[in-house]
Number of protein chains: 2
Amino acid sequence: MLSFFRRRRRSRPRPGAAPVLPPRSDAVAIARVELADLTPPQDAYLGRVGYLTIVLFENLSRAVASAPTTSAKTRLSRAAAQLLAAHEAIVREMERAGIDPVEAMDPSRVELDDFQRRTQGADWHEILVTCYLTAGFLTDFFDGLAAGLPASLSERVSAALDIGEGEGLLVEELREAIDQSPRLASRLAMWGRRLVGDTMLVARSSLALGREAPGEDRIEPVFTELIAAHTRRMDALGLTA
Amino acid sequence: MLSFFRRRRRSRPRPGAAPVLPPRSDAVAIARVELADLTPPQDAYLGRVGYLTIVLFENLSRAVASAPTTSAKTRLSRAAAQLLAAHEAIVREMERAGIDPVEAMDPSRVELDDFQRRTQGADWHEILVTCYLTAGFLTDFFDGLAAGLPASLSERVSAALDIGEGEGLLVEELREAIDQSPRLASRLAMWGRRLVGDTMLVARSSLALGREAPGEDRIEPVFTELIAAHTRRMDALGLTA
């Protein structure tokens with residue numbers, strides 16, 4: 001896994017440079033090609049994304065609750081609202097398809113709750129990094145995996161998973177603090193590296209749902225791209241992946 | 001204060017009867033008449049309601065995070081979304097009126113954060129009771145207090161503070177557990193009584209913002225009605241106020 005980081009590492013942006021959000025489309029476009037026939041059945045896919053969006057929302061709500069300023073609190077509440085809207089959209093898709101949302105989400109509960117506990121972060125900055133990196137990686141991944149759904153459903157899911165506005169808010173909150181403290185930068189870079197392992201496990205086990213686990217040769221190209229996108233997210237924070 | 005409870009106490013609904021939500025309009029209508037000239041200046045009012053809606057949202061997000069079932073989690077996330085929408089609507093009103101939202105909200109931060117800490121509840125059921133009772137009381141109160149705002153603003157604020165759907169979800173979650181356990185009912189009734197004191201203090205100090213504290217004779221009729229509405233909320237849970 002580390003080799004991916006090395007291969008993809010970009011130059012670190014100058015401190016103080018305007019944060020540049022990584023383009024989402026690259027990773028998603030490649031994932032869409034590679035993942036299209038690894039998509040689990042509709043109910044399993046939507047159930048997993050449904051539960052995931054609650055978990056990602058809970059992370060953001062912890063960020064709101066622990067925000068050190070009123071300004072951060074109110075800005076991050078917008079990002080939280082975006083994830084709740086994504087959750088509601090996915091639940092609507094399940095209802096539309098005659099799928100019981102609770103039954104479809106339940107099988108993901110234990111694993112994703114555990115993922116959340118392991119990745120929740122010990123303080124305000126770690127919580128923000130978790131929100132940014134895990135949500136970025138997993139929405140890219142599930143957006144790619146949506147390629148195997150019927151076309152119109154796939155488009156609607158893709159739209160629901162577009163959390164670019166919230167990502168921008170998180171980068172703004174983090175970037176200044178990171179630029180001002182090399183020590184914080186180094187701690188958060190380590191935290192980012194730790195997160196990606198747990199996050200990849202969640203993605204990988206989502207592929208295997210309801211079918212045989214695919215071979216490594218099938219999975220590797222997808223993860224190469226997703227990790228490249230992760231590295232670009234780290235770059236946008238001014239962190240070395 | 002206790003005398004209000006006694007005077008207003010209603011018969012306890014039969015266990016198993018469909019939960020009946022208290023009609024919001026009574027308390028708000030009376031509060032509107034009594035409060036119209038105790039409304040603080042627009043920026044103070046909107047700032048306070050803006051920060052309050054974040055605090056009430058944070059309570060609900062704790063309920064989502066600690067929900068014991070997937071079903072409760074996804075249902076309560078709707079109630080949380082409703083409070084975030086209220087917050088966003090109030091922030092929009094500030095921006096529309098040329099008020100800096102952060103400056104307007106900041107003066108409420110310490111007091112409302114403290115209110116939240118004192119009322120947050122020790123477990124899932126207490127958290128839900130807090131969400132239901134404090135949000136009910138304070139949205140009634142601030143809806144009433146909105147009577148002193150310019151008419152069109154007053155209407156929009158009133159619409160933003162209509163959280164009836166979320167209240168219904170909370171009653172549904174709580175009612176069955178309460179009906180099944182007299183011991184839980186007794187513990188939550190005590191919790192409800194404790195909450196109302198802290199909640200009234202927040203309401204009262206909102207009146208005094210930016211002007212002399214009004215006399216007790218002015219305030220009492222308002223609180224009599226708000227407490228009656230609180231008692232109806234307790235009744236809807238099958239609890240004795």
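Letters go in sequence order (proteins before strands), and every chain restarts at 1. What you are looking at is a predicted structure, and each value in this text was computed from that prediction instead of being measured.
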**Asked** Residue by residue, which of residues 144-154 of chain A have a heavy atom closer than 4.5 Å to a heavy atom belonging to chain B?
**Response** none

**Prompt:** How about E95(A): does its CD atom have over 12 heavy atoms from other parts shown lying under 6.0 Å from it?
**Reply:** yes

**More than 12 heavy atoms of other groups within 6.0 Å of Q120(A) CD** = yes

**Prompt:** Considering heavy atoms only, which positions within residues 56-71 of chain A lie below 4.5 Å of chain B?
**Reply:** F57(A), E58(A), S61(A), V64(A), A65(A), A67(A), P68(A), T69(A), T70(A), S71(A)

Under 3.5 Å, side-chain donor or acceptor atoms of residues 78-85 of chain B against the rest of the protein: list the pairs with distances, not counting sequence neighbours.
residue	atom	partner	partner atom	Å
R78(B)	NE	E165(B)	OE2	2.9
R78(B)	NH1	E88(A)	OE1	3.3
R78(B)	NH2	E165(B)	OE2	3.1
Q82(B)	OE1	G166(B)	N	2.9

**Prompt:** Does anything in residues 96-105 of chain A get under 4.5 Å of chain B by heavy atoms, and if so which residues?
**Reply:** V102(A), M105(A)

**Item:** Heavy-atom pair count under 4.5 Å with chain A, highest-scoring of V55(B), T74(B), V91(B), T53(B)
**Value:** T74(B)

